[in-house]
Amino acid sequence: MEIKAPKGTQDILPDEIHKWHAVEKAARDTAELFGYREIRTPIFESTDLFARGIGEGTDIVEKEMYTFLDKGERSLTLRPEITASVMRALLEHKKTGGDLLKLYYIGPIFRYERPQKGRFRQSHQFGVEAIGSDSPQLDAEQICLAMEFYKRLGLDKLSVDINSIGCSNDNCRPAYRRDLITYLKENTDTLLGVLFGEIDNIGNKGLCDDCARRMVNNPLRVFDCKKDGCKQIISRAPRTYEHLCDDCRAHFEKVKETLELLGVKYRVNPNIVRGLDYYTRTVYEVLSESLGAQNALCGGGRYDNLAGELGGVKVGGTGFAAGIERAIMVMDEIGKKPERPGIPVIILPVGGEKAMNQAVTILKKIRDSGIPAELDYNNRGFKLLKKSEEEGWRFAFIIGEDELKEGKVSIKHLIKRDQKGIETAELEELLDSGGKDPVGILENLFL
RNA sequence: GUGAGUGUAGCUCAGCGGUUAGAGCACUGGUCUGUGGAACCAGGGGUCGAGGGUUCAAAUCCCUUCACUCACCCCA
């Protein structure tokens with residue numbers, strides 16, 4: 001078999017699917033608890049949507065998109081994130097005119113990247129978006145929602161880092177950007193910087209070449225660097241939240257105040273700068289200690305300019321995206337095992353076609369009563385019981401010559417290792433009276 | 001895109017120049033023909049990632065390539 005799943009994709013086999021169900025259930029339950037409703041948008045969109053929404057200069061748009069032409073020569077792209085799609089859908093259906101819209105989604109995203117621990121070419125996100133409000137309390141509520149989601153999954157040792165990167169008013173982020181560049185120039189002497197002509201001051205403490213490049217393209221990114229030299233320079237650099245305009249400062253203060261009211265622990269981290277162009281004001285990440293280099297479980301923030309950039313009316317929004325694979329990886333790491341539902345009943349017909357026919361009849365009745373049940377179609381007989389634990393079987397219904405002769409079924413409790421005979425008619429009555437807890441009825445036979 | 005590491009049975013790995021390539025777990029059968037998880041016995045399964053080279057001889061050494069993993073970049 002030489003055909004394999006494409007690089008960076010993975011099969012989720014039945015042995016693991018219960019983890020996904022657990023995460024998806026926690027996501028839906030939590031989102032709905034907070035008043036969010038589900039939205040589903042296409043998995044591919046016009047390439048323009050992402051180019052404009054996420055930003056031409058970003059890594060995602062520059063080199064990570066799965067873009068193709070369809071037979072009608074349209075340029076389409078497998079979505080690398082979902083916020084832009086949600087906004088597009090709302091603008092398209094003219095839903096943004098009224099009150100606040102609170103939406104959540106679960107689904108795959110695609111990015112052409114080199115895979116590593118916690119990073120794939122197809123991955124899945126649970127996300128929420130609240131569109132039509134600039135309330136800072138909504139930002140805080142969503143952080144609270146994210147933490148509730150993780151709490152339901154049993155994840156602890158998480159930290160919430162928040163920051164504000166201001167707005168596009170000239171006295172806010174643009175002004176800060178100028179100050180930052182000035183500071184970086186004064187502290188940089190790399191060759192590359194000199195070549196770019198961006199640096200005229202030859203000092204001693206250098207930024208790395210990557211950061212010199214970033215300084216030109218997107219100076220905020222220098223904050224992401226993990227190299228010691230750069231970190232030192234960054235540690236004394238002007239902070240975004242110290243340079244916010246009055247409105248943004250008040251907004252950020254309100255976010256923090258609300259988080260305190262909600263009892264969410266956080267730390268202000270001036271180094272977090274989200275990669276996508278559309279972010280304004282609040283940005284945050286939920287981080288885990290139990291992962292490798294890709295330790296962000298959830299990233300989010302406010303995007304008051306996105307609708308405008310897509311050519312729609314100007315509406316503010318805020319949201320986050322949480323990686324499902326990463327959540328599952330942390331659960332695996334810390335030994336959180338979601339319950340794996342089993343099939344409680346296995347029917348073993350032993351001996352002949354009559355037994356098999358009777359088994360089929362009884363199987364139907366068991367299923368009609370609401371009890372998941374399986375039949376030994378391959379006539380493996382008692383050997384099959386070896387798999388009881390694995391399959392989650394609690395009861396084996398045995399139908400053989402003796403049982404047929406007496407009009408009975410033998411029921412074996414596979415955990416208690418006890419066995420009882422019951423008349424077929426009586427069993428049917430019992431199953432009919434099962435109500436909401438039909439398995440409990442079987443359980444009661446062995447008290 | 002860059003760097004490093006690893007590719008041998010379904011899984012975890014041993015073998016690192018010398019006959020027909022091994023172990024544990026898993027699987028199948030038997031001891032036990034209608035009663036599982038134990039034990040013992042037997043069995044199936046591998047183009048040693050692929051291609052080329054060195055050598056009397058290559059899973060083992062060299063080159064190329066592919067895949068996987070981790071890290072950088074960036075992010076969920």
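On a predicted model such as this, the values are computed, not experimentally measured, just so you know. In what follows, every chain begins at residue 1, and chains take the letters A, B, ... in the order their sequences are listed. The figures that follow rest on heavy atoms only: side chains count, while hydrogens, waters and symmetry mates do not.
A donor-acceptor contact closer than 3.5 angstrom links the side chains of Ser410(A) and Glu403(A).
Look at rG51(B): its Watson-Crick or wobble partner, with both distances under 3.5 angstrom, is rC63(B). Pairing partner, rA21(B): none, since no Watson-Crick or wobble contact has both distances short of 3.5 Å. For rC72(B), the paired base is rG1(B) (Watson-Crick or G-U wobble, both distances below 3.5 Å). Judged by Watson-Crick or G-U wobble contacts below 3.5 Å, the nucleotide rC40(B) has rG30(B) as its partner.
At rA71(B), one or more side-chain N or O atoms of Gln116(A) fall inside 4.0 Å of OP1 or OP2 (strictly under the cut-off).
Atom CG of Asp418(A) is separated from atom P of rU35(B) by 17 Å (rounded to the nearest Å). For Lys416(A) and rG36(B), the NZ to C1' distance is 18 Å, given to the nearest whole Å. Per the geometry, CE belonging to Met329(A) stands 11 Å off C1' belonging to rC70(B), to the nearest Å. The distance from atom CG of Leu348(A) to atom P of rU35(B) is 12 Å, rounded to the nearest whole Å. Following rounding to the nearest Å, Arg114(A) (CZ) and rU2(B) (P) show an atom-to-atom distance of 7 Å. A straight line from CZ of Arg121(A) to C1' of rA67(B) spans 12 Å, rounded to a whole angstrom. Following rounding to the nearest Å, Gln122(A) (CD) and rC75(B) (P) show an atom-to-atom distance of 21 Å. For the pair Tyr279(A) OH and rC74(B) C1', the computed distance is 14 Å after rounding to whole Å.
Atom P of rG53(B) sits at a distance of 15 Å from the matching atom of rA59(B), rounded to the whole Å. Remark: the separation of the P atoms in rG3(B) and rA26(B) is 43 Å, to the nearest Å. Taking atom C1' on both rC13(B) and rC48(B), the two are 13 Å apart, rounded to the nearest angstrom. Nucleotides rC16(B) and rG22(B) are separated by 14 Å at their P atoms, to the nearest Å. Taking the C1' atoms as reference points, rA58(B) lies 10 Å from rG18(B), given to the whole Å. Using C1' as the reference atom, rG24(B) and rA14(B) are 10 Å apart when rounded to the nearest Å. Rounded to whole Å, the P atom of rU12(B) lies 26 Å from the corresponding atom of rG17(B). Using atom C1' as the reference point in both rG43(B) and rU47(B), the two lie 23 Å apart (nearest Å).
Under 3.5 Å, the side chain of Arg326(A) and the base of rC75(B) form at least one donor-acceptor pair of N or O atoms.
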Which protein N or O atoms sit under 3.5 Å from an N or O of nucleotides 8-13 of chain B?
none

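Annotation: cation-pi geometry satisfied between Lys420(A) and Phe446(A) (NZ/CZ under 6.0 angstrom from ring centroid, within 45° of ring axis). Relative to the ring axis of Phe252(A), Lys256(A) places its NZ or CZ within 45° and under 6.0 Å from the centre. Figure legend: cation-pi geometry between Arg121(A) and Tyr112(A), with NZ or CZ positioned under 6.0 Å from the six-membered ring centre and within 45° of its axis.
Heavy-atom neighbours of Tyr66(A) OH from other residues, nucleotides or ligands within 6.0 Å: above the threshold of 12. Heavy-atom neighbours of Glu24(A) CD from other residues, nucleotides or ligands within 6.0 Å: above the threshold of 12. The environment of Glu406(A) atom CD is dense: over 12 non-hydrogen atoms of other residues, nucleotides or ligands sit within 6.0 angstrom.
At the heavy-atom level, Phe120(A) lies under 4.0 Å from base atoms of the strands shown. Backbone-only contact: Glu64(A) has heavy atoms under 4.0 Å from sugar-phosphate atoms and none from a base. Note on Gly118(A): a base of the nucleic acid sits closer than 4.0 angstrom, heavy atoms only. Within 4.0 Å of Glu325(A), counting heavy atoms only, lies no atom of the nucleic acid at all. Here Ile109(A) lies out of heavy-atom contact (under 4.0 Å) with every strand.
Under the 3.5 Å distance criterion, the side-chain polar atoms of Asn163(A) are left unmatched by any main-chain donor or acceptor of Val283(A). Side-chain atoms of Glu325(A) come within 3.5 Å of backbone N or O of His124(A) as a donor-acceptor pair.
By the 4.0 Å N-to-carboxylate-O rule, Asp29(A) lies close enough to Lys25(A) to be salt-bridged with it.
Each of Glu309(A), Arg281(A), Glu129(A) was evaluated against Tyr303(A); a single residue qualifies, Glu129(A), per the side-chain hydrogen bond (donor to acceptor under 3.5 Å, both in side chains) test.
The side chain of Lys7(A) sits closest to rC68(B) out of rC68(B), rG3(B), rA76(B).
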**Protein proximity profile, nucleotides 24-34 of chain B - base contact B, sugar-phosphate-only contact S, no contact -, cut-off 4.0 Å on heavy atoms** = ----SSS---B
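Annotation: side-chain hydrogen bond (donor to acceptor under 3.5 Å, both in side chains) contacts involving residues 327-350 of chain A, sequence neighbours excluded, comprise Lys19(A)-Asp332(A).
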